[in-house]
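One structure below.
Residue numbers begin at 1 in each chain, while the letters A, B, ... track the order of the sequences.
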There are 2 protein chains.
Amino acid sequence: MDKQSQLKAFRIGITQFVTFSDTEWEIFTTYLSFSSLNKKEHFAVEGKVCDYMAFITRGAVRYYHIKDGQEITGYFSFENELMSAYKSFVKRTPNRNYIQALEETELVMISYQHLQQMLNHPLLALKMERFGRLIAEYYICCYEDRVTAFITQSPEERYTALEKTAGDIFQRVPQHFIANFLGITPVSLSRIRKRTLLQH
Amino acid sequence: MDKQSQLKAFRIGITQFVTFSDTEWEIFTTYLSFSSLNKKEHFAVEGKVCDYMAFITRGAVRYYHIKDGQEITGYFSFENELMSAYKSFVKRTPNRNYIQALEETELVMISYQHLQQMLNHPLLALKMERFGRLIAEYYICCYEDRVTAFITQSPEERYTALEKTAGDIFQRVPQHFIANFLGITPVSLSRIRKRTLLQH
DNA sequence: AGAAAACGTTAACAAAAGATAATGAATACA
DNA sequence: TGTATTCATTATCTTTTGTTAACGTTTTCT
């Protein structure tokens, strides 16, 4: 995808948070950069401070931890979504997980340095503070729902809910990654799927 | 506690996010109000939009959902912490859970309306946007850790971690609430405690 | 002070999940 | 194209959790 199309997609994608005037957008875009990831390439790795947040114009990534030598996938992001090792990015602390491309992925990126510059730029500061706030609030709401699911639902209920709200994820992501995401083992997810199928 | 002491505690409590100059603080405090909750009194209830966020100067609250007629406790907040039905507050949507005082609790409160006024106040806007952003970022980091715990740890590991980092919570909150918080039943938590005790 | 409610533990049983291994199918890759 | 990997399913066995109920203690409330 050419850069103009990517920028256009980015501009549309963030209207849920903030809308820039043409002048503001002109300034804003001078702080952006572009990148792409081959399949299995990493956007963030454990132990390093994550210096970028990115908007995915094409592709998909997974977030995973390593525990006892095992990879455990905790989350996914797809095209038209923002991505970052949030905690590491905002707190400037070493990242504790990995972000890896599941497919060939294209990104529009903002570096931490450029973000700080924008937060100090008289014409952008207020809007960028708001942008940051609204992004964070958006993700808080996502997290709230996710934690609620872990607290109030059984693995089977979480699976059924996912199937209903984002069933197409099963066509795009290996099932054992989704199992981790649901907080269970791949074997267990396979059993749940069989169980819930037989009930119909 | 008298209002001056509460304000002082509030001002100190939020230095982790933002520091106000004396002039700013003077303006800021005109937007605040005070309240208290008797034990078992609710700060927020299901179905109503939450109109306040609050700083707890004394006391403790629990957040709970009702599922199949059963209360399920998802979180706690204590003195010197912020509290709100965040999603409902920022999105102006009906709240889907309850927040109830566990003890006699005292609050410094900001209404949604006043917050909006501050966000439009020329002398406060930028700082309030930043305040909001940093609060949201703080809670995102908390949530990130919590979800990671559900994904990567067993109930027993989550219990052990809680015992280590906030063991005093057991002196303050009924155990069956903590069980819910850990994502398990009270019976199961009782067994885990016995198990981990016998290992020493 | 006395009755009622809330709470933590334990037991017994059922249901679900974890661990490990084997199998066959699909996919990736050289 | 052919080989190696990856992947989902299934089976077996063990461990853990959920469910329900009983019991005694503590706390709450009038």
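Taking the charged nitrogens against the carboxylate oxygens, B:Glu144 and A:Arg96 have no contact shorter than 4.0 Å, which rules out a salt bridge.
If A:Val187 and B:Val187 are placed on DNA chain C by their nearest nucleotide, the residue sitting closer to the 5' end is B:Val187. Map B:Lys194 and B:Phe177 each onto its nearest nucleotide of DNA chain C; the residue landing nearer the 5' end is B:Phe177. Taking for each of B:Gly183 and B:Lys39 the nucleotide of DNA chain D with the nearest heavy atom, the 5'-most of the two is the partner of B:Gly183.
An OP1 or OP2 oxygen of D:dT6 is reached within less than 4.0 angstrom by no side-chain nitrogen or oxygen of A:His176. For the pair A:Arg193 and D:dT10, the criterion of a side-chain N or O lying under 4.0 Å from OP1 or OP2 is not met. When the side-chain nitrogen and oxygen atoms of A:Gln175 are compared with OP1 and OP2 of D:dT9, one or more of them lie within a distance under 4.0 Å. A close approach under 4.0 Å does not occur between any side-chain nitrogen or oxygen of B:Lys40 and OP1 or OP2 of D:dT28.
Contacts of B:Ile184 with the nucleic acid, taken as non-hydrogen atoms under 4.0 Å apart, involve only primed sugar atoms and P, OP1 or OP2.
Using cut-offs of 30° and 60° for the angle between ring planes, the A:Tyr75 and A:Tyr63 rings count as perpendicular.
Here the side chains of B:Thr93 and B:Val49 are not in contact, with every heavy-atom distance at 4.5 Å or above. Side-chain contact check for B:Leu189 versus B:Gln175: some heavy-atom pair is nearer than 4.5 Å.
Chain B approaches DNA chain C over the interval C:dC7 to C:dA12, counting the first and last nucleotide 5' to 3' with an atom under 4.0 Å from its heavy atoms.
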